[in-house]
Amino acid sequence: MRTLASTLISFCLFAGAAGAQPSNQGADAMLKPDDLRAVAPALEAYAQRFVVDDLWKRPGLSRRDRGIVTVAALIARDQTVELPHYLALALDNGVKPSEISEIITHLAFYTGWANAMDAIPAVREVFKSRNIGADRLPPASGPQLPLDEAAEKQRATRVGEQFGQITPSLVQYTTDALFRDLWLRPALAPRDRSLVTVSALIATGQVAQITYHLNRAMDNGLTRDEAGEVLGHLAFYSGWPNAFSAAPVVKDVIEKRPH
């Protein structure tokens, strides 16, 4: 595995500094450092100083988790140019091909079918370059994780009472497709599935949904410090306004939870 500093200079905001490896095929359209310096030398300096030399080295969130958060944000925002590099970085830092497959499937529901479909070509090329075949991917169906029947009944009842008369299809699909199927798929741990969901909500400015899903994430094992680091990380990948729009909601959730 290449060192973090040498990879991130390619994976962060531009490509090619450390020399192309076979595992990183499919991203030739990304800018090289010389291209960036010719247009925005300050941007290159900020990338090196804050992202390469600091952000990805912070201890509050593992490199594996930062890979998950970044890939989720790029797919959620339909930003596929940088996706091959960050997919390679995620794989190098311990994210499994099966988990990446599940992230794409999960985000089809939470950020739209088209965004998930747009990610497929980039992921296909990265998988192909690493000889990752279908035998390493989760099956379309199979055994599921156990369901908390009481909690799911409470959720379904609440949503049904609020919206059942207005949009019964939305209520039914939310139960059948999401909480009694998608969330029970075992190839992505509940904590990581929640991390993907929260990251996508922050990255796309969907603050109204953060309270429920961040509480669920913390019930599934995400810590207070990790939640805070997700905000700081996503400021770089989805912009400061999205991070600060989410910050009061994240703060409220953390402060109301038992310590």
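The shown structure was predicted, so the numbers you read here are calculated from the model rather than taken from an experiment. Numbers for residues simply follow the sequence, beginning at 1.
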Note to self: Quick check for you: to the nearest 0.5 Å, what is the distance between Leu201 atom CG and Asn242 atom CG?
What the structure shows: 11.0 Å
Next item on the list: Tell me whether Val196 is reachable from Leu137 by hopping between hydrophobic residues (I, L, V, M, F, W, Y) whose side-chain heavy atoms are closer than 4.5 Å.
Entry: yes
Item checked: Gap separating the CG atom of Leu36 from the CG atom of Leu43, nearest 0.5 angstrom -> 4.5 Å
Notebook entry, point to check: Could Arg155 and Glu152 be called an ion pair, given the rule that one side-chain N must be under 4.0 Å from one carboxylate O?
Noted result: yes
Margin query: Could you check whether any side-chain heavy atom of Leu87 comes within less than 4.5 Å of a side-chain heavy atom of Phe127, counting everything from C-beta outward?
Written below: no
Notebook entry, point to check: Given side chains that start at C-beta, do those of Arg191 and Glu226 come closer than 4.5 Å, heavy atoms only?
Noted result: yes
Next item on the list: List the steps, then state whether side-chain contact (heavy atoms from CB on, under 4.5 Å) holds for Ile210 with Val207.
Entry: CA-CA 5 Å; Ile210 292 174; Val207 296; 4.1 Å; yes
Item checked: Sub-6.0 Å ring centroid separation between Tyr46 and Phe236 -> no
Margin query: A side-chain contact here means heavy atoms from C-beta on lying under 4.5 Å apart; do Asp181 and Asp176 qualify?
Written below: no
Next item on the list: Please examine the side chains of Leu83 and Gln79, heavy atoms only from C-beta on, and report whether any two atoms are closer than 4.5 Å.
Entry: no
Notebook entry, point to check: Linking I/L/V/M/F/W/Y whenever any side-chain heavy atoms sit under 4.5 Å apart, do Phe179 and Leu170 land together?
Noted result: no
Checklist line | Interatomic distance, Asp78 atom CG to Thr111 atom OG1 [nearest 0.5 angstrom] | finding: 8.5 Å
Item checked: Check ion pair Glu149-Lys153 (N to O, under 4.0 angstrom) -> no
Check: Atom CZ in Phe163, atom OG1 in Thr167: separation rounded to 0.5 Å?
Finding: 9.5 Å
Notebook entry, point to check: Roughly how far apart are Lys128 NZ and Arg124 CZ, rounded to 0.5 Å?
Noted result: 8.0 Å
Notebook entry, point to check: Does Arg130 come within less than 4.0 Å of Asp92, counting only side-chain N to carboxylate O?
Noted result: yes
Next item on the list: Looking only at non-hydrogen atoms, find the nearest pair between Val253 and Met218 and report the distance.
Entry: CG1-SD, 4.2 Å
Checklist line | Test side-chain contact (heavy atoms from CB on, under 4.5 Å) applied to Leu214 and Val249, step by step | finding: CA-CA 9 Å; Leu214 182 55; Val249 183; over 6 Å; no
Next item on the list: Find the distance between CG (Asn115) and CG (Leu107) and round it off to the nearest 0.5 Å.
Entry: 8.5 Å
Check: Below 4.5 Å, heavy atoms only, C-beta onward: do Arg58 and His233 meet side chain to side chain?
Finding: no
Next item on the list: Mind running side-chain contact (heavy atoms from CB on, under 4.5 Å) on Arg136 and Lys96 for me, showing each step along the way?
Entry: CA-CA 9 Å; Arg136 297 175 63 185; Lys96 299 175 183 177; over 6 Å; no
Notebook entry, point to check: Quick one: are Arg49 and Asp54 in side-chain contact, heavy atoms under 4.5 Å?
Noted result: no
Checklist line | Test: Asp252 and Arg257 ion pair at under 4.0 Å | finding: no
Checklist line | hydrophobic_cluster_shared for Val198 and Phe244, side chain cutoff 4.5 Å | finding: yes
Margin query: Under a 4.0 Å threshold between the charged nitrogen and the carboxylate oxygen, would Arg64 count as salt-bridged to Asp192?
Written below: yes
Check: Ser238 side chain to Ala235 main-chain N or O, any donor-acceptor pair under 3.5 Å?
Finding: no
Notebook entry, point to check: What pairs with Arg37 under side-chain contact (heavy atoms from CB on, under 4.5 Å), at least two apart in sequence or on another chain?
Noted result: Pro33, Asp34, Glu44
Checklist line | Shortest non-hydrogen separation from Tyr110 to Leu182 and the atoms involved | finding: CE1-CD2, 4.2 Å
Checklist line | Heavy-atom check, side chain of Tyr237 versus side chain of Ile202, under 4.5 Å | finding: no
Notebook entry, point to check: Between Arg77 and Asp118, does at least one N-O distance fall below 4.0 Å, as a salt bridge requires?
Noted result: no
Next item on the list: Write down the atom of Pro138, the atom of Glu102, and the distance for their closest heavy-atom approach.
Entry: CG-OE2, 3.3 Å
Next item on the list: Check whether any side-chain heavy atom of Pro190 lies under 4.5 Å from a side-chain heavy atom of Arg193, and answer yes or no.
Entry: no
Checklist line | Parallel, tilted or perpendicular, as decided by the 30° and 60° cut-offs, for the rings of Trp183 and His213 | finding: parallel
Checklist line | Closest approach of Ala122 to Pro84 (non-hydrogen atoms, all atoms of both residues) | finding: CB-CG, 3.9 Å
Margin query: Restricting to non-hydrogen atoms, name the atom on Arg66 and the atom on Leu55 that form the minimum distance, rounded to 0.1 Å.
Written below: CZ-O, 3.2 Å
Item checked: same_hphob_cluster(Leu74, Leu231) at 4.5 Å side-chain heavy-atom cutoff -> yes
Notebook entry, point to check: Is there any side-chain hydrogen bond (donor to acceptor under 3.5 Å, both in side chains) pair reaching into residues 194-207, and which pairs are they, with sequence neighbours excluded?
Noted result: His106-Thr197, Ser194-Asn220
Check: More than 12 foreign heavy atoms under 6.0 Å from CD of Gln144: is that the case here?
Finding: yes
Item checked: Ser245 side chain to Pro241 backbone, donor-acceptor under 3.5 Å -> yes
Check: Considering all heavy atoms of both residues, which atom of Leu234 and which atom of Ala73 are nearest to each other, and what is their separation?
Finding: CD2-CB, 3.6 Å
Checklist line | Shared hydrophobic cluster, Val171 / Tyr212 (ILVMFWY, side-chain heavy atoms < 4.5 Å) | finding: no
Note to self: With side-chain contact (heavy atoms from CB on, under 4.5 Å) as the criterion, how do Tyr173 and Leu178 come out once you've worked through the C-alpha distance, each side chain's angles and the decisive distance to 0.1 Å?
What the structure shows: CA-CA 7 Å; Tyr173 287 135; Leu178 270 67; 5.9 Å; no
